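Notes for the one structure printed next.
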Amino acid sequence: YLGKMGDDYIHMMDGLMGGNTILLFISTIILAPIAEELICRGVIMKQARDVLPFAVANVIQAFLFGLMHGNLIQGTYAFVLGLSLGFVTYKYKTLIPAILMHSMCNLLGSSLLITVPVFLQIIEMILGVGIIVSAVRKINKKNTYEINAMN
């Protein structure tokens with residue numbers, strides 16, 4: 001069963017890569033992250049947070065995010081990514097960092113990861129997410145400094 005699932009996943013990803021590169025870029029790197037973040041973190045997590053603790057709301061939205069991907073392989077790593085994106089959204093009180101992180105993950109997943117060994121894929125993903133988190137923290141510190149300077 002797992003072998004067939006892996007084959008199906010590879011076939012699906014090959015189908016995506018065989019299409020129009022510009023449309024693939026626009027849909028996976030720009031449109032999908034914005035739409036999925038608005039739905040999962042912007043609506044689902046926000047609504048769940050109104051009645052549940054953050055940890056429970058985060059697991060719910062991450063689970064639904066995984067289900068949205070439609071297969072077990074993507075669903076599994078989308079669940080883990082969803083937990084991270086939920087935490088970032090909760091911490092920074094904005095969807096912007098999550099959209100940027102999501103875009104980076106999709107970029108790495110749809111282009112760089114095709115020809116790179118698995119251990120390098122993991123390193124690239126960690127570095128990409130680390131760069132975005134560092135940038136968001138720097139922006140957050142600058143905004144806090146500017147607000148304090150105004151008062």
Side-chain angles (χ1 to χ4, degrees), residues 1-2 4-140 143:
Y1 179 73
L2 288 176
K4 176 166 179 9
M5 206 169 28
D7 291 342
D8 290 346
Y9 176 74
I10 290 168
H11 178 70
M12 179 193 69
M13 294 308 286
D14 284 345
L16 287 174
M17 297 304 143
N20 183 312
T21 306
I22 294 171
L23 291 178
L24 176 66
F25 178 83
I26 292 170
S27 64
T28 60
I29 312 306
I30 299 170
L31 298 178
I34 293 170
E36 291 174 357
E37 292 311 310
L38 287 171
I39 293 165
C40 293
R41 268 56 73 185
V43 175
I44 295 170
M45 190 170 78
K46 183 181 181 321
Q47 294 298 313
R49 274 286 295 131
D50 288 345
V51 294
L52 298 167
F54 165 72
V56 176
N58 197 31
V59 169
I60 290 169
Q61 66 79 22
F63 178 76
L64 293 173
F65 180 61
L67 280 179
M68 285 173 55
H69 286 80
N71 65 72
L72 187 60
I73 293 173
Q74 276 186 301
T76 301
Y77 64 75
F79 172 75
V80 174
L81 178 62
L83 289 173
S84 301
L85 296 172
F87 176 77
V88 167
T89 300
Y90 177 73
K91 177 159 177 52
Y92 293 106
K93 311 267 187 273
T94 178
L95 290 174
I96 303 288
I99 291 170
L100 294 173
M101 289 173 65
H102 193 151
S103 292
M104 175 67 77
C105 290
N106 285 4
L107 174 65
L108 294 173
S110 64
S111 61
L112 299 178
L113 302 183
I114 294 169
T115 59
V116 177
V118 173
F119 75 94
L120 288 177
Q121 295 174 18
I122 294 167
I123 292 170
E124 288 175 340
M125 189 70 69
I126 291 169
L127 288 174
V129 170
I131 290 167
I132 291 170
V133 169
S134 296
V136 168
R137 291 180 74 191
K138 189 166 246 175
I139 291 167
N140 193 37
N143 289 342

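Keep in mind it's a predicted model, so treat the numbers as computed, not measured.
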Test side chain to side chain contact (heavy atoms under 4.5 Å, CB included) applied to Asn58 and Leu83, step by step: CA-CA 6 Å; Asn58 197 31; Leu83 289 173; 3.9 Å; yes
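The two residues Ala78 and Gly66 have their closest heavy-atom pair at CB-CA, 3.9 Å. In plain terms, the two heavy atoms of Leu81 and Cys105 that are nearest each other are CD1-SG, 3.7 Å. Of all the heavy atoms in Met68 and Cys40, the pair that sits closest is SD-SG, 3.4 Å. Between Phe65 and Gly82, the closest heavy-atom pair is CD2-CA, 3.8 Å. The shortest non-hydrogen separation linking Thr89 to Ala98 is OG1-CB, 3.3 Å. Considering all non-hydrogen atoms of both residues, Tyr90 and Arg49 come closest at CE1-NE, 3.6 Å.
Looking at Glu36, its side chain never comes within 3.5 Å of a backbone N or O of Pro33 through a donor-acceptor pair.
Summarising the geometry, atom CG belonging to Leu85 is positioned 9.5 Å from atom CE belonging to Met45; distances are rounded to the nearest 0.5 Å. To the nearest 0.5 Å, the span separating CD1 on Ile99 from CE on Met101 amounts to 12.0 Å. Distance check: Gln61 CD to Phe54 CZ gives 7.5 Å after rounding to the nearest 0.5 Å. Once rounded to the nearest 0.5 Å, the distance linking CD1 of Ile29 with CD1 of Ile34 reads 11.5 Å. Summarising the geometry, atom CZ belonging to Phe79 is positioned 10.5 Å from atom CG belonging to Leu64; distances are rounded to the nearest 0.5 Å.
In this structure, the side chains of Ile39 and Ile44 come closer than 4.5 Å at one or more pairs of heavy atoms.
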